[in-house]
Amino acid sequence: MLTFTARRLVTAVPTLIFISLIIFLLLDLAPGDPTAQLPLTIPPEVRQQIRESLGLGEPVHIRYFLWLKQVVWTEPLHYISEATGLFAAPEGARLISWQTRAPVFDTVLERLPQTLRVVGLSYVVGVLIALPIGIYSAYRQYSVFDQAGTFIAMIGYSVPPFFSGVLVIVIFSVQLGWLPSIYDTTLVVDDWESFKQQLRQMIMPVMVLALQTTAQISRYMRASMLDNLNQDYVRTARAKGLGEWVVVMVHVLRNSMIPVVTVIALGVPAIFGGAIITEQVFKVNGLGQLLITAIQASDIPMVQTITFIFAILIVLFNLIADVLYGLLDPRIRYD
Amino acid sequence: MTDPSTHETAPDAPIEAIAALTDTKPLAPPRSKWAEVWDQFKSHRGALVGGIIFITIVLAVFIGPFLWTIDPTYIDIRARNSGPSWAHPFGTDQLGRDTLARMMAGGQTSIAVGLTAMALALLLGSFIGVVAGFFRRLDGPLMRLTDLFLALPLLPLLLVMVLLFREPLNKAFGPETGIFILIVVAIGITSWMPTARIVRGDVLALKEREFVLAARSIGTTNFQLIARHILPNVMSPIMVSATLGIANAIITESALSFLGLGFPPDFPTWGRLLFDATDYLQQYPERVMWPGAAISLTVLSVNYLGDGLRDALDPRIRGR
């Protein structure tokens with residue numbers, strides 16, 4: 001298992017390097033010019049100097065390696081040295097955003113908590129709703145509950161977040177006026193009143209994202225439970241006189257969770273991508289919103305870095321899913 | 001596919017075999033595979049309803065403009081922001097353009113994008129899947145490529161692609177065709193991977209079957225083997241991914257338009273209409289309903305259609 005994990009880690013590196021190359025080269029074609037928004041009175045030779053100071057004078061491969069070095073080496077070291085103070089921060093320029101002229105990673109770290117709070121919580125809520133629905137749907141296959149669950153899952157698949165989000169805004173903010181339609185990230189939670197406000201503004205984005213998660217996970221859970229419920233060991237357990245609760249919730253559930261856990265792990269990066277839209281709907285200034293504004297402003301270093309972070313998340317959670325699968329299911333042996 | 005039981009001779013019961021041989025035609029009228037598929041499909045009520053709704057939407061969107069002849073770009077500023085009335089059943093927008101006409105024009109684009117992008121993704125996916133499954137030497141590299149594409153953050157890359165290639169394509173093909181080509185190609189080349197994987201798996205299993213060996217033994221070339229023996233047998237997973245592909249393409253196009261990086265405002269799609277309507281969410285909340293409901297209903301019906309097709313095309317479920 002350890003060798004498998006190590007091997008997967010090693011193969012993840014070329015994948016990531018290749019993806020970073022694709023992202024970098026694709027964005028390198030972008031028509032955006034960092035000096036485009038400067039006043040027209042600046043003479044062209046100064047403009048050229050500004051471009052060169054941003055590292056644009058170098059050939060493509062040099063810029064690629066510089067960027068890669070900054071993302072995977074300079075920036076992490078900078079934060080480690082800042083946090084621990086054990087060694088001096090490394091020499092060399094940090095990755096600067098063209099838009100804000102601030103280090104890209106500072107902005108990313110600033111936005112990350114908002115995304116994590118909304119996206120992470122909605123994923124947890126979605127999974128917690130999905131599991132019982134999946135279990136009960138499978139246990140009472142073709143019952144009214146199961147049919148309703150299938151229908152709701154279908155709706156969850158089909159209604160895109162940019163419509164369900166707008167729909168809940170229309171219902172709960174415009175018509176009923178219960179919840180705020182815009183997520184206020186400047187809110188500081190320090191007492192009961194602000195905590196309630198934070199809760200109220202989180203309900204809608206979490207609900208919208210959780211609907212998507214619930215739709216997928218509950219179907220997987222149901223299918224996985226159905227696979228196991230008809231197996232011989234279940235009949236044996238019942239024949240031994242075990243209670244129905246123990247049979248379903250201990251014997252069947254534990255075996256059914258194996259594929260579901262990997263699906264849950266695989267869904268994490270996808271939910272980050274889906275959050276781009278939800279953040280736009282509810283005006284949450286998280287990572288997704290940062291990406292959209294960076295794309296609109298042709299802020300190439302920012303877009304490259306955020307896209308690469310998404311890619312790292314996907315590769316990482318693929319790896320986690322593979323390793324989890326092997327750990328949970330003793331029948332799976334990769335070696 | 002061949003059914004082994006029809007070729008069996010029964011040596012221990014020669015009389016019955018001879019009796020059977022005297023029948024000049026089969027006892028039951030022959031049924032084609034597609035009749036069986038249709039029977040199974042009919043029994044799946046959701047799929048039937050989904051199919052009917054999808055066909056209705058497509059017909060309404062493509063034939064509707066002949067019956068409802070208001071130009072979707074006609075600006076009637078006096079009638080702006082009006083609610084549903086007989087003159088404008090779905091109301092008008094902030095420039096007085098008829099929402100029903102715009103919905104039909106938008107639907108044409110959205111469904112056209114969905115169908116074309118699906119066709120492109122299917123073509124790519126089936127090609128890569130068949131080649132990877134059939135030619136062992138290409139299997140490794142092609143599947144690594146598929147894995148790589150699956151590891152790409154697709155939505156950010158789609159946004160970046162739209163940003164990059166919008167201007168050059170607009171110049172080359174005009175604003176409408178340019179963005180259409182861009183969106184279709186972008187969605188197509190980022191959604192072929194599931195099809196490729198499924199098709200490859202099926203081709204790998206089919207390749208070891210006897211009928212492929214028989215075909216090869218009489219000298220069938222690789223190309224003919226794929227065209228006549230492999231492809232017809234992987235049609236069912238391809239058709240199921242086709243329906244899912246339409247749904248996926250429509251949602252992706254709407255998402256791009258919703259993020260303001262899709263079609264331009266004077267060339268409406270459902271996503272674009274939804275995006276424009278969110279600006280007036282406080283005043284005219286009903287305006288987001290039409291495009292939103294249209295997208296959701298289309299995708300829902302296509303998903304149900306795909307669900308029914310999967311059951312109908314699977315011979316193990318069929319007939320139960």
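Within every chain, numbering begins at 1; the chains are lettered A, B, ... in the order of the sequence lines, protein sequences first and strands thereafter. Note that the structure is a prediction, hence the values are computed from the model and not measured.
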Measure the spacing between CG of B:Leu154 and CZ of A:Phe310 and express it to the nearest 0.5 Å. 12.0 Å
side-chain contact (heavy atoms from CB on, under 4.5 Å) between A:Phe163 and B:Ile295: does it pass, once the steps are laid out? CA-CA 9 Å; A:Phe163 182 49; B:Ile295 296 170; over 6 Å; no
Check each atom of A:Leu313 against the heavy atoms of chain B and say whether the ones under 4.5 Å are side chain, backbone, both or neither. neither
Side chain to side chain, B:Leu150 and A:Asn318, heavy atoms closer than 4.5 Å: no
Atom OH of residue position A:Tyr220 - does it have more than 12 heavy atoms of other residues, nucleotides or ligands inside 6.0 Å? no
Using non-hydrogen atoms only, which part of A:Phe18 is less than 4.5 Å away from chain B: side chain, backbone, both, or neither? side chain
So, the part of A:Val159 with a heavy atom under 4.5 Å from chain B: the answer is both
Is it the side chain or the backbone of B:Met289 that comes within 4.5 Å of chain A heavy atoms, both, or neither? both
I need the B:Thr278 OG1 to A:Phe162 CZ distance, nearest 0.5 Å. 11.0 Å
Is chain B contacted by the side chain of A:Ile292, its backbone, both, or neither, given a heavy-atom distance below 4.5 Å? side chain
Residues B:Leu259 and A:Gln296: closest non-hydrogen pair is O-NE2, 3.8 Å
Would you say that A:Ile22 contacts B:Leu148 through its side chain, given a criterion of any heavy-atom pair below 4.5 Å between the two side chains? yes
So which of B:Pro291, B:Ala247, B:Ser254 has the largest heavy-atom pair count under 4.5 angstrom toward chain A? B:Ser254
Sub-4.5 Å side-chain heavy-atom contact between B:Pro153 and A:Ile314: yes
Heaviest contributor of heavy-atom pairs below 4.5 Å to chain B, chosen from A:Leu167, A:Val315, A:Ile276, is A:Ile276
Report the option among B:Val302, B:Val160, B:Leu297 that has the most heavy-atom pairs separated by less than 4.5 Å from atoms of chain A. B:Val160
Side chain, backbone, both or neither: which part of B:Leu300 has a heavy atom under 4.5 Å from chain A? both
Which distance, rounded to the nearest 0.5 Å, do you find between the OG of A:Ser158 and the CD1 of B:Ile251? 6.5 Å
Look up atom CZ in B:Arg144 and atom OG1 in A:Thr15, then write down how far apart they are to the nearest 0.5 Å. 8.5 Å
How far does CZ of A:Phe151 sit from OH of B:Tyr304, to the nearest 0.5 angstrom? 5.5 Å
Report which part of B:Asp147 has an atom under 4.5 Å of a heavy atom belonging to chain A: side chain, backbone, both, or neither. neither
Cut-off 4.5 Å, heavy atoms of chain B, and the answer for A:Ile306 is neither
Does the side chain of B:Val299 reach to within under 4.5 Å of the side chain of A:Pro160, using non-hydrogen atoms? no
Separation of A:Thr307 OG1 from B:Leu152 CG (nearest 0.5 Å): 10.5 Å
